[in-house]
Amino acid sequence: MTDLPEWSLPLCGCLLTTMDFDTESIEYAKQFPVEDTDVFVATFPKSGTTWMQHILSLVLNGGDLTPINTIPNWDRVPWMGSKRLAEIADQLKSPRALATHLLFAKMPPSFHTSKAKVIYVMRNPKDVLVSSYYFHQMACFLDNPRTFDEFFDNFLEGKVLYGKWTDHVKSWRRAGLEDRIMYITYEEMAQDLPASIRRVSDFLCCNLSEEVIQKIANSSSFKSMKANPMSNFSTVPKGHMDMDKSAFLRKGTPGDWKNHFSSEQLVRFTSVIHKELEGEDFSLPWSL
Ligand code: A3P
């Protein structure tokens, strides 16, 4: 990662018209007026952010497919801290959906005093690592990950986008937001998408029918999203994201780490993550 200011980092997960940030947008983000009705998707990068952005747009619009077919992902659910948010904030309808990779403590002051809700999506960190490795290959604004072994070490040491996965998870698990936050995993979504969408709908008090839930699930499948130019990042210039190196919607399944980790890496990864989460009062939904 090149020397980007901390507040610019959210941009790396969205359309990055190269360096789409400046001091002005960073200041704007710090002072962004969060509203009580806002809903945030919060994630460590490569945990299923785009997937939840897509689902959230549909749930908040009662299953109307128009937004996901006409508005790119980064304008439908804009990134906290992006210059783009400053440009389009006035056009967003309430309840607004926003995305962030920030740590809980780095959210703007107005978030902390608001009643805004958060959906925190967590993914098996072994798959986060693998997905991130391919993302670094195709995202031209990120450093070349070099070999998988080198990237593996950098990930464990937190020398990647947003630092250590464990710090991010701890930050949001300790947030103490009570009924303002919903935790869900990528794996849960992969296992039962309609049930996951139902959870989101209930959390946001959207009261959607089974028919609408099913409609949302159909349009949020990996296949549907991969074919949707408003969600698959195919409109991003090749100079920013080179899909010939790796698609943004790449594999879309849990467990790809098994095709990448050596047995030594698995032991080391497990030991480091366990140690860093020692004493936390939440358990991970996967065996590491
Ligand atoms: P893979 O690289 O493992 O395929 P993020 O949006 O946080 O950057 O996460 C990207 C990851 O989520 C990628 O993982 C991508 O394929 C996966 N993803 C996005 N939409 C998905 C969907 N509808 N179903 C399953 N996985 C999805």
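Order of appearance sets the numbers: ligands from 1, and atoms from 1 within every ligand.
- Looking at residues two or more places apart in sequence or on another chain, you find a side chain to side chain contact (heavy atoms under 4.5 Å, CB included) between Gln91 and Ile88.
- Look at Tyr186 and you'll find a heavy atom under 4.0 Å from some atom of ligand 1.
- Looking only at distances, no side-chain donor or acceptor of His240 sits under 3.5 Å from a matching main-chain atom of Val236.
- Between the NZ atom of Lys170 and the OG1 atom of Thr166 there is a distance of 5.0 Å, given to the nearest 0.5 Å.
- Residue Phe248 places a heavy atom under 4.0 Å from ligand 1.
- By the 3.5 Å distance cut-off applied to N or O atoms, His101 is not counted among the residues near ligand 1.
- Ligand 1 places these atoms under 4.0 Å from at least one heavy atom of Thr50: 5 (P), 6 (O).
- Between Met138, Lys251, Lys46, Met52, it is Lys46 that holds the heavy atom closest to atom 10 (C) of ligand 1.
- When atom types are taken as modelled, the side chain of Ser224 and the backbone of Asn218 share a donor-acceptor pair closer than 3.5 angstrom.
- Which parts of ligand 1 touch Met225 is read off a 4.0 Å heavy-atom cut-off, strictly below it: atoms 20 (N), 23 (N).
- The N/O atoms of Phe44, backbone and side chain alike, include none that comes under 3.5 Å of an N/O atom in ligand 1.
- Those atoms of ligand 1 with a heavy atom of Ser220 less than 4.0 angstrom away are 23 (N).
- For Arg123, the closest heavy-atom approach to ligand 1 falls below 4.0 Å.
- Here the side chains of Pro254 and Asn124 are not in contact, with every heavy-atom distance at 4.5 Å or above.
- Residues passing the side chain to side chain contact (heavy atoms under 4.5 Å, CB included) test with Met230 are Pro72, Arg76, Asn228, sequence neighbours excluded.
- By the 4.0 Å N-to-carboxylate-O rule, Lys238 lies close enough to Asp244 to be salt-bridged with it.
- Using a 4.0 Å cut-off between heavy atoms, Ser47 contacts ligand 1 through its backbone alone, with no side-chain atom that close.
- Here the rule is ring pair (Phe, Tyr, Trp, His ring centres under 6.0 Å) with His260, and of Phe269, Tyr133, Phe152, Tyr134 only Tyr134 fits it.
- Counting the atoms of ligand 1 from 1 in the order shown, those under 4.0 Å from a heavy atom of Ser221 are 23 (N).
- Thr43 does not count as a contact of ligand 1, since none of its heavy atoms falls under 4.0 Å from the ligand.
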